[in-house]
Amino acid sequence: MKQSVRVRYAPSPTGHPHVGNIRTALFNWLFARRYGGSFIVRIEDTDVARKVKGAVEAILSSLRWLRLDWDEGPEVGGKYGPYFQSQRLDLYRKAAERLISQGDAYYCYCSPQRLEEMRAEQVRRKQPPGYDRHCRNLSQEERAQKEAEGVIPVVRFQTPLEGQVKFTDLIWGEVVFDHSTIDDFVLLKSDGYPTYHLASVVDDHLMEISHVLRAEEWLSSTPRHLLLYQALGFEPPQFAHLPMLLGADRAKLSKRHGAVSIVEYYEQGYLPEAMVNFLALLGWSLDDKTEILSRQELIKNFSLERVSRTAAIFNRDKLAWMNGVYIRSLTTDEFFDAAQPYLMTDELAGEALISNEKYVRALLPLVQERARTLAEVAELTQFFFVGKLDYAPDLLIGKGMTRESATQALKAGQQRLRQPEAFDAESLEAILRPLAVELGLKTGQLFGTLRVAVTGRTAAPPLFQTMSVLGKERCLRRIEASLDRLRRLSK
RNA sequence: GGCGCAUUCGUCUAGCGGUUAGGACACCUCCCUCUCAAGGAGGAGAUCACCGGUUCGAAUCCGGUAUGCGCUACCA
């Protein structure tokens with residue numbers, strides 16, 4: 001590496017950052033951390049029309065959530081600032097002017113309508129679309145004429161007509177483009193804002209970016225950028241184009257694929273570490289078997305050589321599985337801390353959290369290995385919080401049982417549970433297991449009936465632990481209620 | 001239409017001239033077991049897009065075809 005590593009994540013604040021975007025940020029961050037370089041965030045707010053309020057904050061908070069800390073950029077500053085392109089307009093304008101005076105760029109007065117018609121005609125005649133260089137050789141008089149008419153021009157790059165541009169992408173290898181396939185693209189828009197092409201080249205140079213890691217969709221634009229570097233006399237950075245992220249239908253990831261905004265993953269209760277791990281594996285791999293990698297391991301092992309060239313489909317199932325792995329790896333305290341904000345959004349769970357945190361802390365471990373997301377914890381634990389259970393009475397009658405045997409089992413259980421002082425899981429098991437034998441029931445039948453009586457569900461955490469957490473009072477009350485239900489069922 | 005790139009189980013991927021083509025998710029079976037999870041053991045699933053070459057030998061190298069994706073904006 002010729003110099004120190006400086007990479008940037010340069011999002012455009014046009015909405016919530018989606019997972020593909022964040023994956024790009026992650027790879028940049030990993031690359032910077034791996035080589036002890038700097039990770040820079042630069043906001044590319046050059047499209048006034050598409051700018052969305054709150055987008056910058058959404059981007060930054062997503063980075064914070066995933067703990068992708070930046071060394072320079074919004075909030076933290078840095079000596080290459082400002083880090084908002086809208087505050088650097090002068091720089092781009094000067095660069096554009098320099099290109100014009102050098103003869104590498106020119107003013108174009110074509111109206112949007114003319115351009116549109118031109119394109120329609122090109123498409124109709126099945127010709128490659130592109131600017132027809134109408135204004136490339138305007139005379140002094142013609143220009144003055146347009147200016148007098150009050151037409152505000154754009155600045156276009158004067159692409160060499162012949163030759164080719166060649167470069168080596170760190171991921172794709174050598175790539176070649178003929179100049180003839182590149183039209184005279186716009187550098188400066190009529191509103192005075194630069195296009196991405198100009199702005200990113202100027203800024204990457206000024207900010208001394210060493211490597212540009214960006215999505216593959218930019219690969220075809222790279223020749224234009226190289227042409228600009230050359231015309232401006234800047235040394236270009238190294239390029240590495242990351243494979244795209246696709247939806248299940250193999251189309252470019254977009255809104256209609258659902259849950260593409262990284263914010264939604266936070267809301268659904270994915271752990272940042274799981275998200276980082278999963279995203280890192282989209283287009284990168286360590287070897288033929290390692291799937292679970294900590295942040296430190298990711299940093300230690302990340303390399304561009306192991307980035308793949310094929311687009312990847314975002315596989316939600318696998319993310320959910322991985323999130324479960326990370327949830328299970330949490331300590332009980334960590335799990336409580338992580339789940340708390342999600343429980344607070346649930347009415348009953350939230351109340352319990354406030355009035356009886358100890359109870360919540362006791363019940364949470366029972367669902368920790370059953371939850372795949374934090375958001376589903378409230379649902380999994382709901383029966384711990386409700387006053388009155390609601391379920392179909394016939395659930396109480398297990399396989400091979402009758403209403404009578406269920407009633408008998410419930411009554412006997414009620415009987416026994418009144419006795420003990422100790423209501424811990426072990427004591428409960430010591431009491432209830434023999435009871436099944438006495439009643440001539442399989443443990444599955446007795447426990448199943450009790451489970452429904454006490455939780456209202458057929459699928460729940462282990463019975464004795466659950467009962468122990470619920471407490472004697474609540475258990476007896478619920479069993480009583482279940483007997484009521486069975487009685488009503490008979491009528 | 002032009003240019004560029006890609007193509008290994010449904011999905012994420014390993015592989016970089018010699019492998020029974022490996023792993024993971026999802027799916028199925030069995031075990032564990034009070035249910036659900038988790039865990040364990042298995043199974044099914046890929047003629048490596050296709051066609052030709054090079055080679056003793058090709059998923060790996062070369063050419064063509066097909067398909068897909070990206071770019072082709074005063075969007076990034």
Inset, instruction - Please list all pairs passing the side-chain hydrogen bond (donor to acceptor under 3.5 Å, both in side chains) test where one or both residues lie in residues 433-446 of chain A, with sequence neighbours left out. - result: A/Arg416-A/Glu438, A/Glu429-A/Arg433
Legend entry - Results of ring-ring contact (aromatic ring centres under 6.0 Å, His included) for A/Tyr196 - residues two or more places apart only: A/Trp218, A/His225
Legend entry - Set of residues satisfying ring-ring contact (aromatic ring centres under 6.0 Å, His included) with respect to A/Tyr270, sequence neighbours excluded: A/Tyr265
Legend entry - Partner residues of A/Thr402 under the side-chain hydrogen bond (donor to acceptor under 3.5 Å, both in side chains) criterion, sequence neighbours left out: A/Ser405
Please write out the pairs of protein N or O atoms and N or O atoms of nucleotides 63-73 of chain B separated by less than 3.5 Å, giving the distance to one decimal.
unit_1: B/G70; atom_1: O2'; unit_2: A/Glu217; atom_2: O; d: 3.3
unit_1: B/G70; atom_1: N2; unit_2: A/Ser220; atom_2: OG; d: 3.3
unit_1: B/C71; atom_1: OP1; unit_2: A/Lys252; atom_2: NZ; d: 3.1
unit_1: B/U72; atom_1: O2'; unit_2: A/Pro129; atom_2: O; d: 3.1

Inset, instruction - Could you list the residues that satisfy side-chain hydrogen bond (donor to acceptor under 3.5 Å, both in side chains) with A/Glu217, not counting sequence neighbours? - result: A/Lys252
Look for any protein N or O under 3.5 Å of an N or O in nucleotides 19-22 of chain B and output each such pair with its distance, or none.
unit_1: B/G22; atom_1: N2; unit_2: A/Asp288; atom_2: O; d: 3.1

Mind listing the N/O atom pairs, protein and nucleotides 38-42 of chain B, below 3.5 Å?
unit_1: B/A38; atom_1: O3'; unit_2: A/Arg328; atom_2: NH1; d: 3.3

Inset, instruction - Name all residues meeting the side-chain hydrogen bond (donor to acceptor under 3.5 Å, both in side chains) criterion together with A/Glu426; count only those two or more places apart in sequence or in a different chain, and write none if there are none. - result: none
Inset, instruction - Only counting residues at least two apart or in another chain, list the ones meeting ring-ring contact (aromatic ring centres under 6.0 Å, His included) with A/Tyr9. - result: none
Inset, instruction - For A/Ser111, check side-chain hydrogen bond (donor to acceptor under 3.5 Å, both in side chains) against everything at least two apart and list the hits. - result: none
Inset, instruction - Name all residues meeting the ring-ring contact (aromatic ring centres under 6.0 Å, His included) criterion together with A/Phe302; count only those two or more places apart in sequence or in a different chain, and write none if there are none. - result: A/Phe27, A/Trp284
